[in-house]
Amino acid sequence: MEQLIKDNIRDVPDFPKPGIVFKDITPILKNHEVFSEVVKTFVDRYRKQKVDAIVGIDSRGFLFGAPLALNLKVPFVPVRKQGKLPYKSVGVSYDLEYGSATVEMHVDAVKKGDRVVVIDDLLATGGTANAACELVARQGGKVVECAFVVELAFLNGRQKITHAPVCSLAVYG
Ligand code: AMP
């Protein structure tokens, strides 16, 4: 699985700014067999566990989180960047390299005691995923695991995610 993912990721140097190598996952989406294999790997992993909802992070987390939720027959919950959600929301802010960002979730999205998986396409510094976990915790939910297709291990994002274990399918050291 790891090699299949790496074979279907395109490195885009200097995007969105100089010095960043962007890991473009669109080749995975373009190949339905690969896309399906990736989703199936997550489905198999969480089918055996009690999971009440999948929480996907804006925006590429939706691409993997929504089919995962459908396959597991559980609700899909979007965590979005500030100001995007239409209903009453709760927010958590976190530090970026320069400044800060806020992620939000609808107040009724996760119920007390819900066991959820938080999913995104890529784990970089871990700030976004940890803020999403914090949102779940504030609603009384428990994060079973944080799941990623890709992990940039050299950024040590795992260490920032204090709420739950991390699972990533392809790791760049
Ligand atoms: P972070 O909070 O630093 O872990 O950033 C994670 C978010 O930024 C994820 O939603 C990723 O999609 C995106 N991201 C950060 N760095 C990259 C990268 N090098 N390539 C692709 N996406 C990235």
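Both counts, for ligands and for their atoms, begin at 1 and track the order of listing.
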- Message: Would Lys23 pass as a cation-pi partner of Tyr172, given that its NZ or CZ must be under 6.0 Å from the six-membered ring centre and within 45 degrees of the axis?
- Response: yes
- By number and element, which atoms of ligand 1 are closer than 4.0 Å to a non-hydrogen atom of Arg60? 11 (C), 12 (O), 13 (C), 22 (N)
- Task: Work out whether the distance between some heavy atom of Leu152 and some atom of ligand 1 is less than 4.0 Å.
- Result: yes
- Item | Any side-chain donor near an acceptor of the partner, Asn130 and Glu134, under 3.5 Å | no
- If you measure from the Lys or Arg side-chain nitrogens to the Asp or Glu carboxylate oxygens, is any gap between Lys50 and Asp52 under 4.0 Å? yes
- min-distance protein heavy atom vs atom 17 (C) of ligand 1 -> Leu122 CD2, 3.5 Å
- Taking the side chain as C-beta and beyond, is there a heavy-atom pair between Glu37 and Leu4 under 4.5 Å? yes
- Note on the structure: Interatomic distance, NZ@Lys6 vs CG@Leu169, rounded to 0.5 Å, equals 11.5 Å
- Message: Any protein heavy atom at under 4.0 Å, with atom 22 (N) of ligand 1 as the reference point?
- Response: yes
- So, is Ala129 polar-close to ligand 1, with some N/O to N/O distance under 3.5 Å? no
- Message: Using a 4.0 Å cut-off to any heavy atom of Thr125, which atoms of ligand 1 qualify?
- Response: 1 (P), 2 (O), 3 (O), 4 (O)
- Message: I'd like to check which ligand 1 atoms, numbered from 1 as shown, lie under 4.0 Å from a non-hydrogen atom of Lys23.
- Response: 18 (C), 20 (N), 21 (C)
- Task: Using a 4.5 Å cut-off on heavy atoms from C-beta on, say whether the side chain of Ile25 contacts that of Ile9.
- Result: yes
- Query: Less than 3.5 Å between some nitrogen or oxygen of Thr128 and one of ligand 1, yes or no?
  - Reply: yes
- Query: So is Val21 in contact with ligand 1, going by heavy-atom distances below 4.0 Å?
  - Reply: yes
- Task: Would you mind listing which atoms of ligand 1 come within a distance below 4.0 Å of any non-hydrogen atom of Asp120?
- Result: 9 (C), 10 (O)
- Task: Would you indicate whether the side-chain heavy atoms of His163 and Cys146 approach each other to under 4.5 Å?
- Result: no
- Check if Gly126 has a non-hydrogen atom at a distance under 4.0 Å from any atom of ligand 1. yes
